[in-house]
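Encoded as structure tokens, the structure appears first; notes follow it.
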Amino acid sequence: MEADKNKQPERKSLDDRAKMTELERVRHSCAHVLATAILRIWPDAQFAAGPPVENGFYYDVELSHRISPEDFPKIEEEMKKEIKANHPFEKIMVNREQAWEDATKGRLAALAERKVPSKFKLDIVQNIPKDEPISYYKNGDFIDLCAGPHVMRTGNIGAFKLTHVASAYYKGDERNPQLQRIYGTAFKNKTQLDEYFKMLEETKRRDHRRIGVELGLFVLDPEYVGPGLPLWLPKGAAIAEELEKLAKETEFAAGYVRVKTPHIAKEKMYQTSGHLPYYQESMFPPMELSLDPASKAEAERNLNKAEQEFDEVMGRMKRAVSGETLTKITQVLHLNVRQGSKPHVLKTVQETKLDVPPELYAEALAKQRTFDEAKRGLEVEKYYLKAMNCPHHHRIFAAQPRSYRDLPLRLAEYGCCYRYEQSGELIGLLRVRSLNMNDAHIYCTPDQFAAEFNAVNEMYLKYFKIFGIEKYVMRFSTHDPAKLGQKFVNEPELWKQTEDMVRQVLVDSKINYLEVPNEAAFYGPKIDVQVWSVIGREFTLATNQVDFSQPRNCGLTYRDRDNTDKTPLCIHRAPLGTHERFIGFLIEHYAGNFPLWLAPEQVRVLTIGDEEPLVDYAKAIVQELRAHMVRAEGDFGTDKINGKIQRAEEAKVHTMLVIGPRDMQAANVSVRVHGKGNLGAKAKAEVIADILHAIKERRA
RNA sequence: GCCAGUUUAGCUCAGGGGUAGAGCAACGGUUUUGUAAACCGUCGGUCGUCGGUUCGAAUCCGACAACUGGCUCCA
């Protein structure tokens with residue numbers, strides 16, 4: 001049995017497998033017990049791989065019966081029997097021939113020999129390296145091809161539960177058969193299992209989708225707007241505005257210039273950049289601009305006229321020739337009529353050196369050109385919604401002659417892109433179809449590259465500090481020299497050069513990074529930044545890519561010192577990723593308890609009662625705060641103060657200023673901070689000054 | 001797109017072949033209040049959409065859509 005993670009095509013070595021933790025052994029063993037139980041119910045089940053995973057285990061099975069959660073109790077019942085029987089997990093060493101024979105007899109991942117071979121196991125046996133020993137594990141009648149390790153006995157599986165079914169392709173390849181993946185989890189004892197499910201409940205409560213709705217940050221309106229197209233409500237938009245402000249300030253200080261570009265572009269744009277057909281699947285289908293009726297009618301008239309004139313000339317040509325030449329021309333003309341085109345006739349005339357009168361040939365050629373032109377007049381223009389900003393930025397680069405003195409040129413834009421993610425892929429704000437990217441493209445010379453790349457990394461670290469992100473990994477994706485010219489542009493020197501430069505920067509800045517071969521973009525190495533929200537969900541937030549291909553495809557050049565034109569390097573970078581994903585992350589990161597500078601509602605002023613002087617005093621405070629761009633609201637109604645506080649706390653308002661007669665008389669406000677409770681009465685002026693200060697320095 | 005599950009009021013959820021329920025929110029009124037909910041009342045749903053079975057469907061069946069968890073790709 002294989003513990004392959006489909007992302008990692010390299011086999012796990014036996015040493016690696018031996019490192020399996022105690023809990024992983026429990027889960028891996030439970031997968032075997034699951035297979036045992038399924039076989040008791042459905043003896044013809046074919047098993048593929050059943051490894052332990054992060055929160056449990058799964059086993060991939062091929063079975064004509066569709067397993068649904070309704071089957072779980074029945075399967076779990078059988079599993080319990082197997083655990084109760086307390087069979088030992090026996091390790092059996094076999095040679096290759098034996099394994100092959102048993103798999104052929106259907107004995108592997110089975111309770112007995114079967115008429116049909118254990119087909120996936122056959123495939124797995126074949127893929128075990130020659131020098132690696134082969135072993136089985138046996139519990140009761142169940143024998144599985146498996147490198148182990150396992151717990152001693154089935155009874156050592158303390159507590160387990162099947163959780164869900166999913167479909168998965170064998171080895172993660174969609175050309176392979178589709179299998180049913182049964183997921184479950186197991187623990188050493190019932191207490192830990194219960195804790196795990198309690199934790200899952202907690203996770204659900206902190207999910208950005210739930211908090212997003214509760215706090216009124218965004219909504220999805222699949223019926224009217226469309227799936228994956230979030231609407232930012234005022235409170236969510238406030239967060240987006242703060243992030244943009246942060247980005248603008250940071251980028252301005254780092255020498256970026258801001259640009260603005262349209263959301264659509266012509267087909268030619270993406271043909272040139274190389275995204276079509278490479279990226280077409282991920283783009284919305286194009287808009288085709290049909291001609292207005294009058295122009296269309298005129299274009300059609302032109303085409304008809306051109307066609308008649310062409311046919312007339314060809315008619316004369318046919319009359320002027322004879323024999324084989326006539327036959328040939330007639331044949332090709334006939335073919336062309338069926339294809340709705342004309343040019344082939346003249347090509348044939350030229351290529352086969354047919355003997356036609358030169359002046360007629362020249363006339364026909366001219367008419368053919370008119371025909372082609374008329375035909376182009378009927379072509380519709382295609383526009384695509386942009387899936388990325390780079391081509392637009394490239395056009396800005398190309399808009400004026402560039403000198404080496406202009407570089408580095410750093411074009412920044414919070415551009416809204418649209419990606420046609422598959423319907424099953426959409427997840428709340430994590431994967432959407434409209435995305436506002438914290439995008440920028442840095443055009444530079446090779447000499448400037450290291451400094452620019454380093455500056456980008458420093459920007460990431462600066463942001464991590466502001467948001468208190470401590471756990472992160474930079475995944476440095478490099479190319480595979482064996483796939484140059486296929487998966488990666490064929491520029492061995494540039495690959496080596498840029499990858500070395502990037503690696504050096506990473507090492508020098510002591511950044512926590514992980515090198516992943518063979519995962520680069522087709523146009524250059526890249527870095528993805530992975531972070532984890534407090535509930536353990538992984539987010540790929542930011543990306544940082546080196547591009548030495550697009551600038552050349554798009555014909556971008558700068559005039560260098562030596563008066564020659566050179567192609568710049570381009571760095572694509574998006575430290576804050578997209579609003580959608582970043583805010584989704586922040587919601588879970590802060591569990592909705594945003595720091596003051598980010599909080600949608602920063603301050604709420606609550607009055608004790610609704611007596612007029614008190615309300616006037618409170619209103620003046622709200623006004624003063626709002627005059628300083630603080631998002632402050634008031635709650636001046638007749639509710640009891642406890643009720644007002646409860647509502648403010650539930651709305652996760654950062655700072656509550658409670659005002660009663662006592663406070664007013666002393667020119668005070670009573671401060672209450674969300675999650676910190678009552679901080680007592682303080683001088684109004686002091687409190688306001690502190691609020692402004694905390695916002696300005698983006699205090700955590 | 002594929003597999004499975006889900007879809008009942010603005011939100012969180014109960015119910016279930018005889019025609020729809022709670023809490024919160026909203027609205028109206030009473031209450032004049034000191035740090036996590038004062039009280040009364042009102043409004044609100046073709047039970048995701050379309051079709052079928054049935055005397056009768058929100059309930060059973062089917063198709064579709066959306067959402068959720070996975071597979072694949074990726075910010």
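The structure presented is a predicted model; accordingly, all values stated were derived computationally and were not measured. So that the names make sense, note that chain A is the first sequence line, chain B the second, and so on, each numbered from 1.
- Within 4.0 Å of A/Gly675, counting heavy atoms only, lies no atom of the nucleic acid at all.
- The same atom, P, is picked in B/C27 and in B/C60; the two are 37 Å apart, to the nearest Å.
- If you check every strand for non-hydrogen atoms under 4.0 Å, A/Leu220 touches nothing.
- Residue whose closest nucleotide on RNA chain B sits further toward the 5' end, between A/Val658 and A/Tyr420: A/Tyr420.
- A donor and an acceptor atom, one from each side chain of A/His65 and A/Asp71, are located under 3.5 Å apart.
- For B/C74, its base sits under 3.5 Å from the side chain of A/Arg431 at one donor and acceptor pair at least.
- Annotation: of the two residues near RNA chain B, A/His164 and A/Gln545, the 5′-most nearest-nucleotide partner is A/His164.
- With rounding to whole Å, A/Gln180 atom CD is found 18 Å from B/G70 atom P.
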Quiz prompt | Candidate pair A/Glu515 and A/Arg475, rule salt bridge (Lys or Arg N to Asp or Glu O under 4.0 Å), full reasoning | solution = CA-CA 6 Å; A/Glu515 188 160 335; A/Arg475 284 170 60 95; over 6 Å; no
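- Here A/Gln646 reaches the OP1 or OP2 of B/A37: one of its side-chain N or O atoms lies under 4.0 Å away.
- The separation between A/Asp639 atom CG and B/C27 atom C1' is 14 Å, rounded to whole Å.
- Atom OH of A/Tyr196 sits in a crowded spot, with more than 12 heavy atoms from other residues, nucleotides or ligands closer than 6.0 Å.
- At B/A75, one or more side-chain N or O atoms of A/Lys526 fall inside 4.0 Å of OP1 or OP2 (strictly under the cut-off).
- As rounded to the nearest Å, B/U46 and B/C3 have P atoms that lie 33 Å from one another.
- Between A/Leu679 atom CG and B/A36 atom C1' the separation is 15 Å, expressed in whole Å.
- Side-chain contact annotation: A/His654 with A/His674, donor-acceptor N/O pair under 3.5 Å absent.
- A/Gly577 comes within 4.0 angstrom of nothing in the nucleic acid, heavy atoms only.
- One N or O donor and one acceptor, one from the side chain of A/Asp610 and one from the base of B/U32, sit under 3.5 Å apart.
- Nearest to the side-chain atoms of A/Arg210 among the listed nucleotides B/A36, B/C13, B/C71 stands B/C13.
- Between B/A36 and B/A75, the two P atoms lie 47 Å apart (nearest whole Å).
- Using a 4.0 Å heavy-atom cutoff across all strands shown, A/Tyr183 reaches sugar-phosphate atoms only and no base atom.
- Under the 30°/60° scheme for interplanar angles, the aromatic rings of A/Tyr460 and A/Phe464 are found to be tilted.
- Minimum interatomic distance between A/Val615 and A/Thr607 (heavy atoms only, all atoms of both residues): CA-CG2, 4.4 Å.
- Checked against a 6.0 Å centroid threshold, the rings of A/His263 and A/Tyr418 count as neighbours.
- Summarising the local packing, NZ of A/Lys619 is surrounded by 12 or fewer heavy atoms from other residues, nucleotides or ligands at distances under 6.0 Å.
- If you take CZ of A/Arg647 and C1' of B/A38, they are 12 Å apart, rounded to a whole angstrom.
- Using a 4.0 Å heavy-atom cutoff across all strands shown, A/Thr543 reaches sugar-phosphate atoms only and no base atom.
- The side chain of A/Arg209 contributes an N or O atom lying less than 4.0 Å from OP1 or OP2 of B/U68.
- Here the separation of B/A4 from B/C43, taken at their P atoms, is 44 Å to the nearest Å.
- One cannot find a donor-acceptor pair under 3.5 Å joining the base of B/A25 and the side-chain atoms of A/Glu214.
- If you check distances only, the side chain of A/Thr638 does reach the base of B/U31 with a donor-acceptor pair under 3.5 Å.
- Rounded to whole Å, the separation between the P atoms of B/G29 and B/A37 comes to 25 Å.
- Between A/Phe187 and A/Phe160, the ring center distance fails the sub-6.0 Å criterion.
- The residue A/Gly643 sits close only to the backbone: its heavy atoms come under 4.0 Å of sugar-phosphate atoms, none of a base.
- Taking every side-chain heavy atom of A/Asn678 into account, B/U35 is the closest of B/U35, B/A38, B/G69.
- Distance, A/Leu229 CG to B/A75 C1': 16 Å, rounded to whole Å.
- Counting atom types as modelled, A/Ser670 pairs a side-chain N or O with a base atom of B/G34 as donor and acceptor under 3.5 Å.
- Using a 4.0 Å heavy-atom criterion, one finds that A/Leu606 contacts no nucleic acid atom at all.
- Between the CZ atom of A/Phe218 and the P atom of B/C67 there is a distance of 12 Å, rounded to whole Å.
- Checking each of A/Gln180, A/Lys119, A/Gln178 against A/Glu62 for a side chain to side chain donor-acceptor pair (under 3.5 Å) leaves exactly one that passes, namely A/Lys119.
- Side-chain atoms of A/Gln178 lie closest to B/C3 of the nucleotides B/A75, B/A36, B/C3.
- Side chain A/Arg573 to base B/A75: no donor-acceptor pair is found below 3.5 Å.
- Distances were taken from every side-chain heavy atom of A/Ala166 (C-beta onward) to each of B/G69, B/A75, B/C13; the shortest belongs to B/G69.
- Applying the 3.5 Å distance criterion, the base of B/G34 shares a donor-acceptor pair with the side chain of A/Asp663.
- A donor-acceptor contact closer than 3.5 angstrom is absent between the side chains of A/Asp610 and A/Thr638.
- Within 4.0 Å (heavy atoms only), A/Glu421 reaches at least one base atom of the nucleic acid.
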Self-check item: Evaluation steps, side-chain hydrogen bond (donor to acceptor under 3.5 Å, both in side chains), between A/Thr478 and A/Lys526
Solution: CA-CA 7 Å; A/Thr478 52; A/Lys526 67 170 181 176; over 6 Å; no
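- Candidate nucleotides B/G34, B/A38, B/C71 were compared by shortest atom distance to the side chain of A/Pro661, and B/G34 ranks first.
- Side chain of A/Ile645, nearest nucleotide from B/C71, B/U35, B/C74: B/U35.
- B/C47 and B/U8 have their C1' atoms separated by 4 Å, given to the nearest Å.
- Counting non-hydrogen atoms under 4.0 angstrom, A/Ile641 reaches the backbone sugars and phosphates but no base.
- Between B/G1 and B/A58, the two C1' atoms lie 31 Å apart (nearest whole Å).
- Every stem involving RNA chain B, taken as at least 3 paired positions in a row under the Watson-Crick or G-U wobble test at 3.5 Å, is listed here: B:1-7 with B:65-71, B:10-13 with B:21-24, B:26-30 with B:38-42, B:48-52 with B:60-64.
- Taking atom CG on A/Leu63 and atom P on B/C3, their separation rounds to 15 Å, with Å as the unit.
- Note on A/Glu425: a base of the nucleic acid sits closer than 4.0 angstrom, heavy atoms only.
- Within 4.0 Å of A/Ala542, counting heavy atoms only, lie sugar-phosphate atoms of the nucleic acid but no base atom.
- Between B/G15 and B/U7, the two P atoms lie 11 Å apart (nearest whole Å).
- Closest to the side chain of A/Ser167, out of B/A38, B/C2, B/A36, is B/C2.
- Atom NZ in A/Lys640 sits about 10 Å away from atom C1' in B/C39, given to the nearest Å.
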